[in-house]
There are 2 protein chains.
Amino acid sequence: MAKDTKDKLLETAHSLFEEKGFDGVSMREIAEEAKVNKGLLHYYFKSKQAVFLGVFKIVSKLIYINLADILKRTDIDFDEKVGLMVDSYFTMLSKHPKMPLFVLSELSKHPEFAEGADLSGTLSEASLLIEECLAEKNINEEGAGFQFLISMVSLCVFPFMASPLTKVVRPASFKDDAQFVAARKIYIKQILIKSYQ
Amino acid sequence: MAKDTKDKLLETAHSLFEEKGFDGVSMREIAEEAKVNKGLLHYYFKSKQAVFLGVFKIVSKLIYINLADILKRTDIDFDEKVGLMVDSYFTMLSKHPKMPLFVLSELSKHPEFAEGADLSGTLSEASLLIEECLAEKNINEEGAGFQFLISMVSLCVFPFMASPLTKVVRPASFKDDAQFVAARKIYIKQILIKSYQ
DNA sequence: GTAATAGTTACCCAGTTGGCTAAAAAAATA
DNA sequence: TATTTTTTTAGCCAACTGGGTAACTATTAC
């Protein structure tokens, strides 16, 4: 049951960290929540930092989106690729709505983790692939691919991070959160496609 | 010197909270950093929560942007209004780049503060005013104003929150952070204007 | 000068923090 | 069965947490 226990500890730590942040959680709390004793937690992780790094590794995988595979397809045009990328982000964000805020706020406190999270390679590659797609549309500005990528991520991710605010401001015409999210997805695809037309 | 001291305490607390988050800061730390003793800190604020609420009130004002005044102008068209709103956001964000992340992450831990921060009224009003402007452009979808507003805020704010990541991924064609921010501002105005054309 | 306000100093508190250990028991593996 | 791995129990530590007090001194206002 070794692997199971370690995973359980990581899962527990993950949900606690996401809810309260690194400083808001104690080792005792993690152990108690996982229904395990402090000793065992130290048996698997020598320090709180070690637990956190384990969680961060998991999270990096969960928020990973294979943009390159979508962008490299030759059977669909760029409009459809944009649609698929946005869909991927929304699927991920619906499953893990609190993750981006957690990652970014811990990253801003400990920027050294940015290298550990191997997101940079993926994003750089996606940025270049988008640039190629845009070039075919005769959009050749310096860094256009990067700008587009950032826009896409901003548009998808931010509303989830700001949900405590958007929920308050959202007009009555959206009957609930789910309906708004669905409408938002369509809107984002449109605005992104219009951006290179 | 009463007001000055209280302000100094709030400023100190503000910068510490922004850097480390609520749980990452202790009352002792605030007092030491402000070169004041714990007793005095308690003299002005009966609890850590009280300090935090004071800071939150200040922050709410700092991130406030008078969108309504821009939107109500009759001497310029909507394209120009969009330009001015984006300019306002960038000015504010350049002064306080860490604030949005701080506000949103504390808000997600304590959603009850969302009402205290009286942003909702402002944003609701702006949302309606934008809807009117868009109606003149024959865009009448349900909630179009709200969607546009969220898009604008997302595009402006997110890159600042994700700067530890964007700095790593940013292509070499942008020679530094300042140049990227300037280019980004122009790009955002374009994408927003295209969105209703 | 007297009263109120502002600020200091030096304590105390009980509870929690992250970190660690030794010994024992239980479970899995050989 | 004997050995190794996993898990529990119970405790320790020094340091820090937010909160609070009482006595004292400046400073300011009236």
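Each chain gets a letter, A, B and so on, in the order the sequences are listed, and its residues count up from 1. When reading the values below, keep in mind they use all heavy atoms of this one structure, side chains included, and skip hydrogens, waters and symmetry mates. Keep in mind the model is a prediction, meaning the values are calculated, not measured.
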Side chain to side chain contact (heavy atoms under 4.5 Å, CB included) involving A:H42 - partner list, sequence neighbours excluded = A:M27
Write down the distance between [atom1] ([X]) and [atom2] ([N]), rounded to a whole number of angstrom.
{"X": "A:K8", "N": "D:dT6", "atom1": "NZ", "atom2": "C1'", "answer": "12 Å"}
{"X": "A:K35", "N": "D:dT9", "atom1": "NZ", "atom2": "P", "answer": "14 Å"}
{"X": "A:Y44", "N": "D:dT8", "atom1": "OH", "atom2": "C1'", "answer": "12 Å"}
{"X": "B:F52", "N": "D:dG18", "atom1": "CZ", "atom2": "P", "answer": "14 Å"}
{"X": "B:I30", "N": "D:dG19", "atom1": "CD1", "atom2": "P", "answer": "10 Å"}
{"X": "A:D4", "N": "C:dA27", "atom1": "CG", "atom2": "P", "answer": "16 Å"}
{"X": "B:L41", "N": "D:dG19", "atom1": "CG", "atom2": "C1'", "answer": "11 Å"}

Are A:K48 and A:F22 in a cation-pi contact, defined as NZ or CZ under 6.0 Å from the six-membered ring centre and within 45° of the axis?
-> yes
Can you find a side chain N or O atom of [X] that sits less than 4.0 Å from OP1 or OP2 on [N]?
{"X": "B:Y43", "N": "C:dT8", "answer": "no"}
{"X": "B:N37", "N": "C:dT8", "answer": "yes"}
{"X": "B:T5", "N": "C:dA6", "answer": "no"}

Just jot down the ring-ring contact (aromatic ring centres under 6.0 Å, His included) partners of A:F45, sequence neighbours excluded, or say none.
-> none
Just distance, no hydrogens or angles: give the donor-acceptor pairs under 3.5 Å from side chains in residues 11-21 of chain B, sequence neighbours left out.
unit_1: B:T12; atom_1: OG1; unit_2: B:K8; atom_2: O; d: 2.8
unit_1: B:H14; atom_1: NE2; unit_2: B:E18; atom_2: OE2; d: 2.7
unit_1: B:S15; atom_1: OG; unit_2: B:T12; atom_2: O; d: 3.2
unit_1: B:K20; atom_1: NZ; unit_2: B:E29; atom_2: OE2; d: 2.4

Contact pattern, 5' to 3', of nucleotides 13-20 of chain C - B, S or - by protein heavy atom under 4.0 Å | ----BBBB
Scan the side chains in residues 75-82 of chain B for donor-acceptor partners under 3.5 Å anywhere in the protein, sequence neighbours excluded, and list what turns up.
unit_1: B:D75; atom_1: OD1; unit_2: B:R73; atom_2: NE; d: 3.1
unit_1: B:D75; atom_1: OD2; unit_2: B:R73; atom_2: NH2; d: 2.8
unit_1: B:D77; atom_1: OD1; unit_2: B:D79; atom_2: N; d: 3.4
unit_1: B:D77; atom_1: OD1; unit_2: B:E80; atom_2: N; d: 3.1
unit_1: B:D79; atom_1: OD1; unit_2: B:Y196; atom_2: OH; d: 2.5
unit_1: B:E80; atom_1: OE1; unit_2: B:D77; atom_2: N; d: 3.4
unit_1: B:K81; atom_1: NZ; unit_2: B:L71; atom_2: O; d: 3.0
unit_1: B:K81; atom_1: NZ; unit_2: B:R73; atom_2: O; d: 2.9

Side-chain donor-acceptor contacts of residues 143-153 of chain A below 3.5 Å, not counting sequence neighbours, with atom names and distances?
unit_1: A:Q147; atom_1: OE1; unit_2: B:R184; atom_2: NH1; d: 2.5
unit_1: A:S151; atom_1: OG; unit_2: A:Q147; atom_2: O; d: 2.7
unit_1: A:S151; atom_1: OG; unit_2: B:R184; atom_2: NH1; d: 3.4
unit_1: A:S151; atom_1: OG; unit_2: B:R184; atom_2: NH2; d: 3.0

